[in-house]
Amino acid sequence: MSDEHKDGAMKKVVLIPDSFKGTMSSSEICLIMKEVILRHYPECEVVSIPVADGGEGSVDAFLEALGGKRIAVRVNGPFPGEMIDSYYGMLPGDVAVIEMAAAAALPMVEGRKDPCRTTTYGVGQLMLDALDRGAVKIILALGGSCTNDGAAGLAAACGVSFLNASGERFVPVGGTLKDVDRIDVGTMDPRFRNIPIVTMCDIDNPFYGPEGAAAVYGPQKGADGEMVAFLDENMKHLAEVIMRDLGVDVQAIPGSGAAGGMGGGVAAYFKSELQMGIETVLDTVGFDNLIENADAVYTGEGRIDGQSLRGKVVIGVARQARKKGVPTIAFVGDIGDNVAKAYDEGVSGIFSINRVAVPYKEARPRAKSDLALTVDNLLRYQKSLCGI
């Protein structure tokens, strides 16, 4: 903290909370925190960085944090041959942010879920459109998918050839991955060989097996036990062909099972780096520069527990802020067990916004006011310590 901050007044605060799922978006949390801070410190510089977890809302969160434009595109939807209105974001510097939920999201197939038939082809079309508009880097956000095609649809849209035993080219879906006899990436749009693709992936499930894409996420996409087994065998077959033809062991890549195997697919076909979502956000917004001379970083998530230590938003933020000597305060809904290690990672304090002991159904409507009151309470205490 610089000398001019030692009078007790906060001069700069950086806000970078995750959403409280089903309660408040990251943007809403930032607005609430900012209003309270400015009420206590009207001259304070408040920097807001909304965060999305890679699912729906990732594009808008990046655009809100960095500026840029939302680009509307018409692409193939979750089912082959069905066109939908979609979008992606183009950030300053011609960095495209594409969320797979914009073309292959679970809500899009409500009432007719079928991971044997759904495709990621439209996601590949979004990537192609971004290249046509001059993108020099692509950030691909995974999450909320209705597919289980190992990113074969996406890759096919970008020119990768999937051939059956008769040498015929086709676009595989979850139910036809077993028919892939050979993969040729030599037919891929050559522009993809020179563009970095970073994939936001916050899970570490493998491509196939008991913890794989089909077994863990297939049921929520409409697969019964028999279909899960079928899809898993197909994923194993695809992994074997990828290993033989491309020399990539997707099963060994943590997160390869994300979004119906899209994690492993983009790593194999495009040599994409799989990165924790918060790491991608911090890199893209230039977090290290934003927290220069900051008095504090305010972050948060719906629940902090032992799982959070694997690299979710609060811990990812705290680790980076600690390198700059900036304290991190976490505002959360619930505080679970085994969170003591969060302090070792750079978190200075954890505050639950739940002001009364009521069930979630009753706490949810009052979450916004409770968050405001909790931030207000902390700032009042801070001012009293400084004699303000």
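Since the model is a prediction, treat every value here as computed from it, not as a measurement.
Among all heavy-atom pairs drawn from D245 and R182, the shortest one is OD2-CA, 3.3 Å. Closest heavy-atom contact between A102 and L126: CB-CD1, 4.3 Å. Contact between A105 and A101 at its shortest, heavy atoms only, is CB-O, 3.1 Å. The shortest non-hydrogen separation linking Q125 to A157 is N-CB, 4.0 Å. Annotation for R244 and D181: closest pair NH2-O, 2.6 Å, computed over non-hydrogen atoms. Closest non-hydrogen pair, R193 versus G186, comes out as NH2-O, 3.2 Å.
Rounding to the nearest 0.5 angstrom, the gap separating the SG atom in C201 from the CE atom in M262 is 11.0 Å. Atom OG1 of T284 and atom NZ of K137 lie 5.0 Å apart (nearest 0.5 Å). Taken to the nearest 0.5 Å, the CG atom of L290 stands 11.5 Å off from the CG atom of L15. To the nearest 0.5 Å, atoms CD1 (I98) and CD1 (I139) are separated by 10.0 Å. One distance of note links CG of N234 with CG of D149; it measures 11.5 Å at 0.5 Å rounding. Note: Y88 OH to D129 CG = 3.5 Å, rounded to the nearest 0.5 Å.
Side-chain contact check for I197 versus T199: some heavy-atom pair is nearer than 4.5 Å. Annotation: side chain of I242 is in contact with side chain of I183 (closest heavy-atom distance under 4.5 Å). Side-chain contact check for L154 versus M127: some heavy-atom pair is nearer than 4.5 Å. Counting heavy atoms from C-beta on, the side chains of Y208 and L238 never come closer than 4.5 Å. At least one side-chain heavy atom of L231 sits under 4.5 Å from a side-chain heavy atom of C116. In this structure the side chain of Y298 never reaches within 4.5 angstrom of the side chain of V36, judged on heavy atoms. Between F270 and I138, every side-chain heavy-atom pair lies at or beyond the 4.5 Å cut-off. Side-chain contact check for I278 versus I315: every heavy-atom pair is 4.5 Å or farther apart.
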Original post:
side-chain contact (heavy atoms from CB on, under 4.5 Å) between N148 and M235: does it pass, once the steps are laid out?
Top reply: CA-CA 8 Å; N148 207 102; M235 292 289 281; 3.5 Å; yes
Original post:
Can you check side-chain contact (heavy atoms from CB on, under 4.5 Å) on V297 and I329, steps first, answer last?
Top reply: CA-CA 6 Å; V297 173; I329 308 298; over 6 Å; no
Subject >> Criterion side chain to side chain donor-acceptor pair (under 3.5 Å) on N354 and D370, from CA distance to verdict >> reply: CA-CA 7 Å; N354 292 329; D370 278 354; over 6 Å; no
Original post:
Going through the distances and angles, do R191 and D132 end up as a salt bridge (charged side-chain N to carboxylate O under 4.0 Å, His left out)?
Top reply: CA-CA 10 Å; R191 293 176 295 176; D132 290 342; 2.9 Å; yes
Subject >> Steps toward side-chain contact (heavy atoms from CB on, under 4.5 Å) verdict (E345, V314) >> reply: CA-CA 10 Å; E345 297 286 358; V314 168; over 6 Å; no
**OP:** In sequence, state the C-alpha distance, the side-chain angles, and the governing distance for N377 and F351, and then conclude on side-chain contact (heavy atoms from CB on, under 4.5 Å).
**Re:** CA-CA 10 Å; N377 202 40; F351 299 89; over 6 Å; no
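Between K178 and E233, none of the side-chain N atoms (NZ, or NE/NH1/NH2) sits under 4.0 Å from a carboxylate O, so this pair counts as no salt bridge. Using a cut-off of 4.0 Å between Lys/Arg side-chain N and Asp/Glu carboxylate O, R70 and D60 are scored as salt-bridged. The pair D18-R303 does not meet the salt-bridge criterion, since no charged nitrogen lies less than 4.0 angstrom from a carboxylate oxygen. The pair R39-D376 meets the salt-bridge criterion, since a charged nitrogen lies less than 4.0 angstrom from a carboxylate oxygen. Look at K236 and D232 and you find no salt bridge, because none of the NZ, NE, NH1 or NH2 atoms lies under 4.0 Å from a carboxylate O.
With no hydrogens or angles considered, no side-chain donor-acceptor pair links K113 and T118 at under 3.5 Å. Side-chain N/O atoms of S161 and T187 include a donor and acceptor closer than 3.5 Å.
With ring centers used as reference points, F162 lies under 6.0 Å from Y269.
Within 6.0 Å of atom CG in D224, more than 12 heavy atoms from other residues, nucleotides or ligands are found, so the atom counts as buried in its surroundings. Under a cut-off of 6.0 angstrom, the local environment of CD in E35 is sparse, with at most 12 non-hydrogen atoms contributed by other residues, nucleotides or ligands. Other residues, nucleotides and ligands contribute more than 12 heavy atoms inside 6.0 Å of the CD atom of Q220.
F192 and V198 are assigned to two separate hydrophobic clusters, defined by single-linkage of ILVMFWY side chains at heavy-atom distances under 4.5 Å. L91 and I16 fall within the same hydrophobic cluster, defined by Ile, Leu, Val, Met, Phe, Trp and Tyr side-chain heavy atoms under 4.5 Å apart, directly or through other members. One hydrophobic cluster, built from ILVMFWY side chains closer than 4.5 Å, holds both V75 and L131.
In this structure, K324 fails the cation-pi test against F287, since its NZ or CZ atom is not both closer than 6.0 Å to the six-membered ring centre and inside 45 degrees of the ring normal.
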